[in-house]
Amino acid sequence: MIKSKSKQAFSFVEIMFAVVCVGLLLVPVYSIFSQGSMGAIQSRNEIIAQQHAANLLSFLSLFPYDHKFLNPTENQDFKKLELELEGEALNLEPEAMFSRRIAIKELVPDAWQKQYKLIIVTLNWKEAGQKERELKICGIKFK
Amino acid sequence: MFFNLKKGSLAMIILGIIIALLLAFSGFFRFSLDRRYVTRKLNRVLLAREFSNSIALLAAHQLRCRHIHDSMDSFTRNLSTSFADMPGHAEGRIEFVGELKSTIKELVAAGSELKNLSYRVRWLISRKDFQPGLAAYSCEKTGLIKILVETTYSPPGFNSTITEEYLYTLDVVVSLNIVPILSKFSLYVKDAVAGEGKDRFNKVLTDKSGNLKSAQLRPWVLQNGDSGGKIGNRLIDIVRSPRGLVYLGGGAVILANARAWGEHGDFSEGFHLYKQGRAGSMYTVAWLGNTALINWEAGICDDVSEGDCKLWHDMVKDGFADELKHNSTFRLMGTDKKPSPTLVFGDVFTRTMCCRIFKASNRAFGLLPFAGDDAAFNHFKSGDDPKKDISFFISQVGNVSRKYYNVNYASRLWELPYNRAIGYLISEHRVPDPVTAKQLQSCSLLQDLVSGKAMNNKNAHKVPEPFDKIFSGVSQLSAQETILEKSEVPGKRTGLTLTVEEAISLNQLLEKEGFLKNGKLDLNGWLYIENSAPMSINRPIQLMSHAGIVVKNSDLTVSAKVSSESDRFFLNLVALDGDVIIRDNSAEKLNLALTSGRQVKIVSAGGQPAKIRGNMAMRQIRAGTLPELFASGLELEYEEKLSVLPFEKNEAEQQKVMMHFIGWQPRLVE
C-alpha cells in the first residue's frame, strides 16, 4: 500500500496548542480594542455631559435675574428639565448616569451700578469600572 | 520539504492575521485616544469661551461705568473726538480695579477646570467701525467698539499653554444732550396765543416798585445765561454767546412792563425803559414849531393811591381802563434785581404807560391827558383844570379833532417791540432811540428785531444763524414738529428703545434696566420709550451723567427732585405727544431741560416758585391753563451747556453735553 504524504493532518494536541497561542495573542488585541471602545464611550459621555451642562446654563441664563430659579444656592440638584411650547414637550433630562447640580452665588460689588450672579453648573457621572467624573461650567448674569 | 513549507504557511497566515488585527486595533486605540484628547480639549475650549464671555461682560461694564466717566481716559478721549479726527486704530488695556476685582476673583476660581488660567482684555476703537451722526455736531457718531479677550490655559496632560482670542463688539452711540435748535431757547412756545388774544398774559398785580400785590398769580422769571456778560451789539455775537433765546409764536403777544419806581421790587422791569423810566428819563419825540413833544414812560402797576401814581393813572385812565393795572406773567429778561437780557423772537410787544408832556418854555409846559370823550376833550381845552390844561398846546398845533389828538399827542398805553430793551442795554441807556442813533452795529436783523420791523418782514420767526443750517428745510421757528422729527430720537441718536405696555414709573423702569440704582442715574444717552400709560419720576434722582428720555405717548410727570452736583449734568425730558408736568413741592432746583409736543405745566409747588435749571420748549400754552400755570411762579435758569453751537471745530463745548451710550451686553464675533 502506498501512503500519500499530502494527507498528513494536525494532531489534536497541535491544534489545541495553536488555539491556545492564538488565544494568548488575541488577549492584548482584545484589550486594545476594549480600551479603544472605552475611550469612545468616555468621549461620548464627555460630549453629552458638556451639552447637558451648556443646556442648563443657557436655560438658567434666560431667566430674569430675580427669578426663584436663580436664588443663591450652594449646591442644588437639578434633576428634571422639561420645556413645553405650544403643546409640544421638550425633555432636556439627561440619562440616569448623569447628575446635575447648580450653585449660584450673588456678587454685589460696592458702589457699583450692577450686581452679578455667578452660575456654576456641575455634572457628575460614572462609567462602569471607572472613577466618578465631573465637568464644571460657569456663567455670569447681571442686573 | 514541501510538507514543512505548508505547515509553516499556516502559522504565517495566522500570525499575519493576528498582526493585522493588532495593527487595526492599535490604530483604533490611537484614534480613540486622540478623540478623547480632542473631546477634552474641546470641553476646555468651551469652558474658556464661557469664561471669556463673562470677562467680556465685566469689561463692557467697566468701560461703561468707570472709563467713560473719566474725560482724561484714553478710551474716552478717542471716543469723544470728532468723527473726522477719530484714530484709524486705537487700543488700550482694561484692568479690573476696585469694585470688580472681587467678582473677577470669584470667576477665576469657578473656572478652576482650566489649569494655569490667565487673561488679558483690551478695547479697540477704529474709525471704520463708526458712522457720523448729525452733520452739525461733529462729535456725534454711532458704531461699535471691540473688546479683545485673550485667555491662556494649559490643555489636559500637557505643560504647554494654549492662548485663545475672543473678539466681542459693543454698540455705542455718541450724542449730545440737546434737542437741536430748541435747546438754544430758554423758553420756546410755538403757539403762545392759543386763541385767547394778545393780552392773555397780563394778569399780574404789582405795586409801583414791582412787588406782588396779590398772591393770585406769580410771574415766571427767566435767567438766560451768560451771567455778568454784557450783551453784544451784533446779532451774531448775541446768538453765539451761551445765552438762551426766547420764542413766543402763534401771533401777537403783549407783555406789559412792570413799573420800577423807588427801590427795586422783586418783579420790576425798569431796565426795559430809557433810564429805567425814572426821573430824567423824559425824551423829546417831536418838535411842533417851538413846542417840544416829550415822552416819559413807566411800567404798569396796580397802584393809584399815592400822588405820582395817581397822576399817571389819571393821564390815561379814560382810554385804557382794562389794561392799566396788570402787567405780564413773564419776566423774559429777568428783573431789575437780576437783569438777563436776551433776544425775543416772535411778534412780542411790551406795554408801557407813556405820559406825554408839551414844553415851549419853562413857563409854558404841561401834561397831555388822554381824552375819553368830547366833554373831557373840551374840558381840557378850556383850561379850567390846571392839571389838565392843554389850551396852550392846542393854540400851537391848531384845532385838531379829539381822535387826532389822542392818536398823535395824548398820553397813552404804548405797545412797542419787546426787544427795544436790548437797544437800551446795548447803548447803556444813553440814547432814547438806540436804533436810529446807530448804537447797534449795522446789522439789519438786529436792528429789525429791536425796532420791530422783523415782525413785519417775518424775520422774527426765522431760525437765527448758524442754527438755521442744522436741518435743511427748517428755517422757521414754528416748525417744532419737524425739528423733533429730525432730532433723530427715535432714530440714529437713540441709545436704547423700550416698549412699555404696563403702568410703571420711570424710576422703576430705569431701575429695571439697570441705569438707576439707589437713586443715582447713569443713563449717558438718549432713551426712547414707546409707552401706553403716563410715566412719572416719583422718587428723587441724582444724575451721574447726562441723560435724555423721550416718551412717545401721554404725559410725563416729575414729582420728585432731579439734581446734579454742581449742576454738572441735566436730564432732558421730551414728551412727543403729551404734557410735561412739574409737580415738585420741595421748591428745590431741578436740573431739567423740558420739551413737550403739547404743554409744559408747573403745578403749584406749595406756594413757592418752582426752580428749574435747563430750558422749556412747548407747542402751546393752552387756553384756560394760566391760573394754574402761574399760581406759584417759576424761576427758570437757562443751562448754558444747552447753547452748544453747531458746525464748530472746537470740540470742548460739545463735550460738555456729550453722552456715550454703551450697551451692557457685548456680542461675540463668531
Side-chain angles (χ1 to χ4, degrees), chain A residues 5-6 8 10 14 18-19 21-22 24-26 28-47 49-51 53-54 57-58 61 64-66 103 105 107-116 118-122 134-143, chain B residues 2-3 6-7 10-11 14-15 17-19 21-22 24-40 42-43 46-47 50-51 53-55 57-58 61 64-66 98-103 106-107 109-113 512-518 520 522 544 664-665:
Chain A
K5 287 186 184 168
S6 62
Q8 277 190 340
F10 295 102
E14 286 170 331
V19 167
C21 286
V22 165
L24 284 172
L25 286 170
L26 280 178
V29 171
Y30 176 76
S31 151
I32 291 169
F33 174 74
S34 172
Q35 288 284 328
S37 296
M38 186 62 67
I41 291 168
Q42 284 180 350
S43 298
R44 170 203 170 262
N45 288 341
E46 275 185 17
I47 290 171
Q50 193 278 327
Q51 287 299 315
L57 186 64
S58 302
S61 300
Y65 184 92
D66 293 316
K105 190 171 181 180
L107 307 165
V108 185
D110 288 334
W112 193 249
Q113 230 175 316
K114 291 298 189 188
Q115 52 197 68
Y116 305 95
L118 191 60
I119 305 169
I120 304 170
V121 176
T122 308
E134 186 181 88
L135 178 77
K136 207 192 283 185
I137 191 169
C138 65
I140 202 163
K141 195 148 174 76
F142 69 93
K143 82 158 182 179
Chain B
F2 181 68
F3 170 74
K6 279 176 95 175
K7 270 192 180 172
L10 185 61
I14 290 170
L15 202 65
I17 290 169
I18 287 170
I19 290 171
L21 281 173
L22 204 65
F25 291 134
S26 297
F28 175 70
F29 177 73
R30 180 74 187 272
F31 167 74
S32 171
L33 212 64
D34 282 346
R35 211 166 70 171
R36 271 189 63 191
Y37 173 73
V38 165
T39 304
R40 290 182 72 185
L42 189 65
N43 280 348
L46 292 168
L47 291 179
E50 288 295 335
F51 175 77
N53 287 348
S54 302
I55 291 290
L57 180 80
L58 295 171
H61 292 186
R64 196 199 194 283
C65 299
R66 181 180 271 273
E99 301 90 347
L100 286 182
K101 241 180 160 176
S102 57
T103 308
E106 295 280 351
L107 191 63
S112 56
E113 300 246 327
K512 196 171 145 194
E513 294 297 322
F515 300 117
L516 179 66
K517 190 174 178 185
N518 298 328
K520 293 187 164 95
D522 182 11
M544 308 309 289
W664 289 118
Q665 185 78 52

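The figures that follow rest on heavy atoms only: side chains count, while hydrogens, waters and symmetry mates do not. Convention: sequence-line order gives letters A, B, ...; per-chain numbering from 1.
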Shortest non-hydrogen contact between [X] and [Y], atoms and distance:
X       : Y       : value
G514(B) : Q113(A) : O-NE2, 3.4 Å
H61(B)  : K114(A) : ND1-CG, 3.8 Å
I137(A) : E50(B)  : CD1-CG, 3.7 Å
K136(A) : L47(B)  : O-CD2, 2.8 Å

Tell me, for T103(B) versus chain A, whether the close heavy atoms (under 4.5 Å) come from the side chain, the backbone, both or neither.
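Interface part for T103(B): both.
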Which answer fits N53(B), side chain, backbone, both or neither, if we ask what part of it has an atom under 4.5 Å from a heavy atom of chain A?
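For N53(B), there is no contact with chain A at all, as no heavy atom is under 4.5 Å.
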Interatomic spacing from [atom1] in [X] to [atom2] in [Y] - rounded to 0.5 Å:
X      : Y       : atom1 : atom2 : result
S54(B) : F142(A) : OG    : CZ    : 11.5 Å
L58(B) : I140(A) : CG    : CD1   : 4.5 Å
L46(B) : L57(A)  : CG    : CG    : 11.5 Å

By a 4.5 Å heavy-atom criterion (distance strictly below it), what part of [X] contacts chain B: side chain, backbone, both, or neither?
X       : value
L107(A) : side chain
I120(A) : side chain
Y65(A)  : neither

As an exercise: rank K143(A), E134(A), K105(A) by heavy-atom pairs under 4.5 Å with chain B and give me the winner.
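Most heavy-atom pairs within the cutoff with chain B belong to K105(A).
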Is there a side chain to side chain contact (heavy atoms under 4.5 Å, CB included) between E106(B) and Y116(A)? Walk through the geometry before answering.
CA-CA 11 Å; E106(B) 295 280 351; Y116(A) 305 95; over 6 Å; no
Tell me whether the count of non-hydrogen atoms from other residues, nucleotides or ligands lying under 6.0 Å of NZ in K517(B) goes above 12.
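More than 12 heavy atoms, drawn from other residues, nucleotides or ligands, come within 6.0 Å of this atom.
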